[in-house]
Amino acid sequence: MGRAIRMHPEDNVATVLSDVDAGQEVEVEGTGEQIRIEAGESVPFGHKIALAAIPSKRKVKKYGETIGIATSAIKPGMHVHVHNIKSSRR
Amino acid sequence: MAARKASSKKAAAKKSASATFSGFRRPSGGPGARNHLAVISTMDNSNPIVRRICSLRKDLIGVNTSFGRALYDEDQNQHFRVMGHLAGHPNVGAAIVVGLEPKTSGAIAEAAVKASPWMPIEVVTVHEVGGTLKITSKALELADRLSRHLSAARREPCELGEITLGTECGGSDTTSGLVSNPVTGMVADRVIDAGGTVIFSETLEIVGAEHLLARRAADAKTRRRILACVKRTLDYAESLGVDLIGSNPTDDNIAGGLSSIEEKSLGAVKKGGTRPIVEVVGVGERPENRGTVFADAPCGGVENITSLAASGAQAIIFSTGIGNPVGHPIAPTIKVTGNPRTATHMAENIDVNLRGVMDGEISYDEAAERLLGELLEVLGGKLTTSELLGETEVTVSRATLNG
């Protein structure tokens with residue numbers, strides 16, 4: 001079982017606390033809710049996993065704030081990083 | 001259900017009752033976590049004399065500095081303000097200002113008296129007293145009298161809400177944004193909710209998230225100042241041909257999992273907690289309001305803790321990932337890490353080890369309780385790793401390089 005931390009109840013991503021393999025179950029802690037999600041692909045330690053479907057051009061939220069905009073549709077359990085989100089400052 | 005309610009009420013009462021520490025009450029200003037007899041160097045040329053004086057007695061804390069001579073305008077104001085506010089700090093019971101000549105030494109003593117009108121402050125200068133041996137002898141005589149006076153002081157019960165806490169992050173890595181910064185922020189919120197003040201800073205590290213931070217401003221003036229100090233930092237970098245927004249996050253940040261500058265900066269500002277920002281202060285300025293305060297100060301660790309201490313922080317929580325041994329001589333500096341390797345590799349430099357959060361052994365709430373407990377103990381006199389090892393340093397930023 002992999003582990004991840006969600007920093008705020010509004011977040012649609014969580015940060016994984018160890019390397020997670022595709023197909024592995026991930027237990028998401030941090031906001032008091034019991035959430036489990038299956039990793040759709042491998043996610044390295046310290047990187048983010050999508051907790052919900054994030055349509056293209058929608059906000060990616062961490063710490064309860066917008067950390068970027070999705071550049072393509074992101075499915076739950078997918079790796080969320082520079083390949084599918086971009087800063088709202090650029 | 002009724003019994004459960006009663007017990008949770010009891011627990012809440014215990015929680016608030018335990019947020020006290022033993023400190024030194026001052027006639028004005030906040031309580032002291034220490035009662036130092038500080039020997040303050042006016043500028044770099046006085047450091048050797050201060051070191052010599054402090055080597056000859058066990059009851060002195062030397063505060064050496066960088067620069068000081070031939071400064072002008074805001075650089076000079078900032079130097080005098082910071083050194084004066086360190087002398088007139090609530091953790092200092094009495095101070096001896098040591099300098100080359102009376103004018104600049106007097107300016108520092110004046111700033112100290114303004115901050116703490118109750119404090120006995122002596123000034124000794126080479127031009128008035130004489131060379132190295134004469135000035136050392138004079139300072140030792142003064143120290144004898146002041147130290148006896150200080151030794152009569154006793155700690156008394158104080159509330160957490162009476163303090164100013166500084167929060168800083170240095171040697172950051174992935175664990176900083178995940179563990180040590182958020183847990184530091186939780187303790188910061190506890191200090192605010194108890195009626196205290198929290199100062200966090202590092203202008204360069206809020207770049208990219210300033211629009212999000214500005215939302216926390218309590219009023220329009222504070223909002224404008226947050227945005228203005230970030231703009232100044234961006235403009236200065238641009239004048240040197242550096243695009244801070246475009247060059248962040250860096251390649252190693254991306255490898256570590258940070259996807260945008262907002263995400264990087266949001267992780268850094270977590271150390272300031274979540275409460276409204278009531279004021280922005282410059283390097284070493286004392287806030288006028290109680291609450292969460294942003295200090296427009298550089299992010300180098302020593303410069304930053306110098307600014308936080310000069311702004312009146314009785315203690316500093318220093319959140320670190322890969323580790324940094326340094327602390328402040330006047331404001332005890334609590335090193336906290338969530339990085340399992342740093343907690344072992346640099347155990348002698350770490351005050352609070354929160355690797356248990358990464359390992360899934362303790363919750364964020366438990367981690368915050370542990371850090372708050374350590375803060376209260378340190379405020380009450382427990383020595384920090386940097387105090388024990390003498391890993392303390394002071395440096396005053398140049399005003400032109402603020403941020």
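Fair warning: this is a prediction, and the values are worked out from it, not measured in the lab. Order of the sequence lines fixes the chain letters, A, B, ..., with proteins taken first and strands second; residue numbering starts at 1 for each chain.
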Does the side chain of S260(B) come under 3.5 Å of the side chain of K86(A) through a donor N or O and an acceptor N or O?
no

Is V80(A) close to chain B through its backbone or its side chain, or both, or neither, when contacts mean heavy atoms under 4.5 Å?
backbone

Which pair of heavy atoms, one from [X] and one from [Y], lies closest together, and at what distance?
{"X": "I261(B)", "Y": "S87(A)", "result": "CG2-OG, 4.1 Å"}
{"X": "A255(B)", "Y": "H47(A)", "result": "O-NE2, 2.8 Å"}
{"X": "G360(B)", "Y": "R3(A)", "result": "CA-NH2, 3.0 Å"}
{"X": "E263(B)", "Y": "K48(A)", "result": "OE1-NZ, 2.9 Å"}

Is the number of heavy atoms from other residues, nucleotides or ligands within 6.0 Å of [atom1] ([X]) greater than 12?
{"X": "E238(B)", "atom1": "CD", "value": "no"}
{"X": "D235(B)", "atom1": "CG", "value": "yes"}
{"X": "Q34(A)", "atom1": "CD", "value": "no"}
{"X": "R223(B)", "atom1": "CZ", "value": "no"}
{"X": "R370(B)", "atom1": "CZ", "value": "no"}

Check: H81(A) side chain, I254(B) main-chain N or O, donor-acceptor pair, under 3.5 Å
yes

Measuring heavy-atom distances to chain A, does [X] have an atom under 4.5 Å in its side chain, in its backbone, in both, or in neither?
{"X": "D359(B)", "value": "backbone"}
{"X": "S259(B)", "value": "both"}
{"X": "K270(B)", "value": "side chain"}

Salt bridge check: are E210(B) and R89(A) linked by an N-O gap of less than 4.0 Å?
yes

Using a heavy-atom distance cut-off of less than 4.5 Å, which residues of residues 62-76 of chain A contact chain B?
K62(A), Y63(A), E65(A), T66(A), I67(A), G68(A)

Do any of residues 5-26 of chain A have a heavy atom less than 4.5 Å from a heavy atom of chain B, and if so, which, in residue order?
I5(A), M7(A), T15(A), L17(A)

Winner by heavy-atom pair count (cut-off under 4.5 Å) against chain A, out of T274(B), D365(B), L178(B):
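Going by pairs under 4.5 Å, I would pick L178(B).
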
